[in-house]
Amino acid sequence: MQSVETTNLNFTINSGQVFLWDKAGDTWYGINGDDLLVVREPFQIISSKRQAHHFFRSDDNLTMILSDISKDNLVGKAVKQFPGLRLMRQDPFQCYISFICSSNSSIQNIRNMLKRLCARFGNKIEYEDRQFFTFPRADRLADATGKELLSCGLGFRAKYVKDAAKSVSSGKIDFEYLKGTSYESALENLKTVRGIGNKIADCILLFSLDKLESFPIDRWTQRILQKYYPKIFDSNGTKSLTEKKYTYLHEKIVEYFGSYAGYSQQFLFKLERDLNKKNWL
DNA sequence: TCATCACCTGGAGA
DNA sequence: ATCTCCAGGTGAT
């Protein structure tokens, strides 16, 4: 029987979904929007805002989902190997900005960028004599100057972040609306933002907008598909992941892995990263 | 429609 | 020490 209490925090937090979590002793501290989450064993999650939420997706029927995705042998193997790996449900704006920053960057670098954004534009809060900075609000980032964002080390992403924040503060991008609309519609909507292509949009949809059929395809995922499923996801010819090919692959993926493909992706990704001894942090 | 390439920056490896 | 290379991509030719 799987449940939220069986969450493996190390696996889950270091799975590339979130960037603003730190461990001190037996306690994890994580920034989620304007909230600080504190998690310690035995599994107990505390919110500084006393918000009742399901950050670790405890409302998912995990037993059913893990059983469903285990129909594929390799995913089944990964589920057995990493039973406590979970998807998270992050604050959408933070997720959106985080993955825009992830473009052509490394995990460590993404962490640094986001921490600087928080320190500069977020609010300071204290908890158990520790200091934290919340994630900036959209209007705060929309009002930031290009120079300020560059000084946070965002590089060419600075203008994307500012524009993206503007889109949210103006209401052009509405996360609550996107949660309620279809996967395809939400995907297209997100991709109208500069700096967001298929891969980043899929990350935002999967990690913060409850679209479990999202299956972000990046270098790693592409390698996994070619390595283990060469016949099913035949990438004949073209090397680069074009718009057309991405869409085609995603259709095949949902057809093959099912409507919880996002969970499948997380397990496959963990499996392959582990093989390559990439532990992150 | 597809392939190439530039893009800021910092960390890792030579 | 100094340099090169590259990182869970995207947008412009």
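Hydrogens, waters and symmetry mates play no part in the numbers below; they use all other heavy atoms, side chains included. A, B, ... follow the sequence lines: proteins, then strands. Residue 1 opens every chain.
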Which nucleotide in the list B:dG10, C:dG11, B:dC2 gets nearest to the side chain of A:Tyr160? C:dG11
Pair A:Asp60-A:Tyr263, side-chain donor/acceptor within less than 3.5 Å: yes
Nearest to the side chain of A:Lys159, heavy atoms from C-beta on, is which of C:dG8, B:dC8, C:dA12? B:dC8
Would you mind telling me which of C:dG8, B:dG10, B:dC8 lies closest to the side-chain atoms of A:Arg116? B:dG10
For DNA chain C, whose closest nucleotide is more 5', that of A:Pro216 or that of A:Ile196? A:Pro216
In whole Å, what is the span from the CG atom of A:Asp218 to the C1' atom of C:dC6? 15 Å
Rounded distance (Å) that lies between atom C1' of B:dC2 and atom OH of A:Tyr246: 18 Å
If the cut-off is 4.0 Å, is A:Asn112 near the phosphate of B:dG11, judged by side-chain N/O to OP1 or OP2? yes
Between B:dT1 and C:dG9 - P atom distance, rounded Å: 24 Å
Using atom CD1 of A:Ile97 as one end and atom C1' of C:dT10 as the other, report the distance to the nearest whole Å. 16 Å
So, are A:Asp210 and A:Arg57 salt-bridged, with charged N and O less than 4.0 Å apart? yes
Separation of C:dG9 C1' from A:Asp202 CG (nearest whole Å): 13 Å
Would you mind pulling out the nucleotide paired to C:dG8, Watson-Crick or G-U wobble, both distances under 3.5 Å? none
Touch class at under 4.0 angstrom, heavy-atom based, for A:Leu241 against every strand present: nothing
Is A:Lys191 touching bases, backbone alone, or none of the nucleic acid, heavy atoms closer than 4.0 Å? nothing
Output the single nucleotide from B:dC2, C:dG8, C:dA7 whose closest atom is nearest the side chain of A:Cys203. C:dG8
In terms of relative ring orientation, are A:Tyr256 and A:Phe233 parallel, tilted or perpendicular, with 30° and 60° separating the classes? perpendicular
OG-CD distance between A:Ser259 and A:Glu213, expressed to the nearest 0.5 angstrom: 7.5 Å
Determine the interplanar angle of the A:Tyr183 and A:His250 rings, folded into 0 to 90°, and report it as parallel if under 30°, tilted if 30 to 60°, perpendicular if over 60°. parallel
Whole-Å gap separating C1' (B:dC8) and CG (A:Leu117): 14 Å
Side chain of A:Ile107: nearest nucleotide among C:dG8, B:dC2, C:dA12? C:dG8
The side chain of A:Asn104 lies closest to which of these nucleotides: C:dA7, B:dC2, C:dT10? C:dA7
Starting at CZ of A:Phe135, measure out to CG of A:Asp35 and round the result to the nearest 0.5 Å. 14.0 Å
Rounded P spacing from C:dG8 to B:dT4 in Å: 22 Å
Roughly how many Å is it from CD1 in A:Ile204 to P in C:dG9, rounded to a whole number? 14 Å
Which residue lies more 5' along DNA chain C, comparing A:Asn109 with A:Gly197 via nearest heavy atoms: A:Asn109
When rounded to whole Å, the CZ to P distance for the pair A:Arg223 and C:dG9 reads 12 Å
Is the shortest side-chain N/O distance from A:Arg157 to OP1 or OP2 of C:dG9 below 4.0 Å? no
With a 4.0 Å limit, can you tell me whether A:Ser240 has a side-chain N or O closer than that to the phosphate oxygens OP1/OP2 of B:dA3? yes
For nucleotides C:dC5 and B:dC5, find the distance between their P atoms and express it as a whole number of Å. 15 Å
Measuring from the side chain of A:Phe156 (C-beta onward, heavy atoms only), which nucleotide among B:dG10, B:dG11, C:dG9 has the closest atom? C:dG9
What's the closest nucleotide to the A:Gln265 side chain, out of B:dT9, C:dG8, C:dG9? C:dG8
Output, in order, the C-alpha distance, side-chain angles, deciding distance and verdict of salt bridge (Lys or Arg N to Asp or Glu O under 4.0 Å) for A:Asp163 and A:Lys172. CA-CA 11 Å; A:Asp163 283 357; A:Lys172 188 179 158 220; over 6 Å; no
For C:dC3, the nucleotide meeting Watson-Crick or G-U wobble distances (both under 3.5 Å) is B:dG13
Just the rounded figure in Å: distance from P of B:dC2 to NZ of A:Lys245. 10 Å
Counting just side-chain N and O atoms, does A:Thr242 come under 4.0 Å of either OP1 or OP2 of B:dC2? yes
